[in-house]
Structure formats: C-alpha cells, structure tokens
Amino acid sequence: MKDAFGLPQSLLVLGGTSEIALATARRLVARRTRTVWLAGRPSPALDAAAGQLRDLGAEVRTVAFDALDPEGHEAALGKVFAEGDIDLVLLAFGILGDQAHDEREPLNAVRVAQTNYTGAVSAGLVAARSLQAQGHGSLVVLSSVAGERARRANFIYGSSKAGLDAFAQGLGDALHGTGVHVMVVRPGFVRSRMTEGMEEAPLATTPEAVATAIELGLRRRSETVWVPGALRVVMAAVRHLPRTVFRRLPV
C-alpha cells in the first residue's frame, strides 16, 4: 500500500529500460518503494536496469512485455498482479521515429502509432482493470507536449501522443471514484538517448527532473503534470494560435 505521502511501496514499469522510468524508479526506491517489476523485451539493458535498482536495495523482478504484442499483455501483467498488489503502474514505453523517413515509409509510421498509442491503450486498460480489482493504485502515463498540437516536424509522433493523452484523460474520468488514480505527465524536450543528436528545444528538461515532477504529482494526487511547469502556459498559447500563424513558426 502507499505510504501517508502517496508514494508507492510496489511499482510496475511498462517500458523497463526507459530513462525517465528508471530515474523515477530510483527516486521512489530512495523514498519508500521496495518492490519493482520491470516489464520489457528481454535484453541485457533490461537486466542491467534491474541490477542497478537491486543495488539500491529494491527487490526487482523482470517480466517479458512487448508493446507491439497486445495479445500478450493480459498474460504479462497478470503474472505481475498474481504475485501481489501493485501500488503504481508507470506506462513509459514509446518510440520517437524518424519523421522524414517515416513519411516515405508508411509502415514505419504505423509502427510508431501502434507502439505509442495502440500498445498503450491495450496495456493501459489491462493495468487499469487490475488496479480496479485490487481497489487502489495509480496509473501514471508518460505523454508529451508534442501531443498538444501536431507540428510539421514531428506530426506522426505528436499525433500518437495526442491519442495517448486523450485516452489517458478519458480513462482517468472512467476510473474516478474507484480508488484508482490516473496521472498524465507531459514533458517537453527531454535530454535522453531518444533525443541524442537532435537540436534542443526551449525549456528542455532531464529524466531526473521528470522523475521529481512525478513524485510531487503522486504526493498531490495530480491528474496532469507538465515538465517543466512553464510549458502549461506556453502550450496554452500555442494551442490557440491561428493555423496560418502556427505554420510560419520554425517548428
């Protein structure tokens, strides 16, 4: 069960090698979390991530999970929940894709959409049902400011995150009053492996900063978290720009 400050004792990470997820896990383990499940494709990176968290004192287990295999999600998550209650599920998988290349290769664009949206819908619903069955818990969904308004430079990724964000908000409404809390996290540009080599956007952040914001959001039982917080105001303005103006922006 969560402690008096809303922090979890048990954590399931969907996307077990995500830098943001692992930064969050490290932060939570340093506070209260004692049991961590890392779900992802079996790999040396997943094993290394588990080892790092074990070194911090957590009991860590891994489970095979593939966002692109929705038919296997119930079995994978069922294995975790069968071992005991989970206080927090962190949905952290996703791919950025290559916009210019993916426009020319539609199947690659479909893979971005299937990973970021379809896979998340499947896993999110399975996780939500399990949390609801136990009567408590939080589902934290890593969205993106890219989903607030599709930009020419990354509209494939942005549209997938827009779908994910809308889904997570609706799921939160559906679960209101059930004891299950859904929190949507909208980071801006995050300095990570995913964005390595890309031109840094204004108000860039780090996995550690996102982890800090997630912890604070859990303590407050927030429903939406922006990282950094100033993006809430910036994106409110961007959303309402006339399309003719928006097209001329260097984005």
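All values below come from the heavy atoms of this structure, side chains included, with hydrogens, waters and symmetry mates left out. Computed from a prediction, not measured in an experiment: that's the story for all the values here.
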Compare all side-chain heavy atoms of [X] with those of [Y] and state whether any distance is below 4.5 angstrom.
| X | Y | result |
| --- | --- | --- |
| L12 | F65 | no |
| L28 | L88 | yes |
| W37 | V13 | no |
| S138 | L218 | yes |

(message) E103 vs R152, test: salt bridge (charged side-chain N to carboxylate O under 4.0 Å, His left out). Steps then yes/no.
(response) CA-CA 11 Å; E103 285 183 41; R152 172 65 186 91; 2.7 Å; yes
Taking all heavy atoms of [X] and all of [Y], pick out the closest pair and write down the distance.
| X | Y | result |
| --- | --- | --- |
| I156 | Q99 | N-OE1, 3.1 Å |
| G94 | N116 | CA-OD1, 3.1 Å |
| L164 | A120 | CD1-CB, 3.5 Å |
| R149 | L241 | NH1-O, 2.7 Å |
| A76 | V63 | O-CG2, 3.8 Å |
| V225 | G217 | CG2-CA, 4.1 Å |

Check the hydrophobic clustering (I, L, V, M, F, W, Y; side-chain heavy atoms under 4.5 Å; chains of links allowed) and say if [X] and [Y] are grouped together.
| X | Y | result |
| --- | --- | --- |
| V121 | V182 | yes |
| L142 | L22 | yes |
| L171 | L91 | yes |
| L38 | V89 | no |

Could you give the distance from [atom1] ([X]) to [atom2] ([Y]), rounded to the nearest 0.5 Å?
| X | Y | atom1 | atom2 | answer |
| --- | --- | --- | --- | --- |
| L11 | T24 | CG | OG1 | 8.5 Å |
| L139 | L90 | CG | CG | 8.5 Å |
| I95 | N108 | CD1 | CG | 8.5 Å |
| S160 | N154 | OG | CG | 9.0 Å |
| L131 | L175 | CG | CG | 8.0 Å |
| Q134 | Q132 | CD | CD | 10.5 Å |

Are the charged groups of [X] and [Y] less than 4.0 angstrom apart, N to O?
| X | Y | answer |
| --- | --- | --- |
| E215 | R31 | yes |
| R26 | E208 | yes |
| E83 | R61 | yes |
| E74 | R129 | yes |

(request) For D173 and Q169, run side-chain hydrogen bond (donor to acceptor under 3.5 Å, both in side chains): C-alpha distance rounded to whole Å, both residues' side-chain angles, the deciding distance at 0.1 Å, then the answer. (result) CA-CA 6 Å; D173 292 339; Q169 291 180 65; over 6 Å; no
(message) Are more than 12 heavy atoms, taken from residues, nucleotides or ligands other than R239, located less than 6.0 Å from that residue's CZ atom?
(response) yes
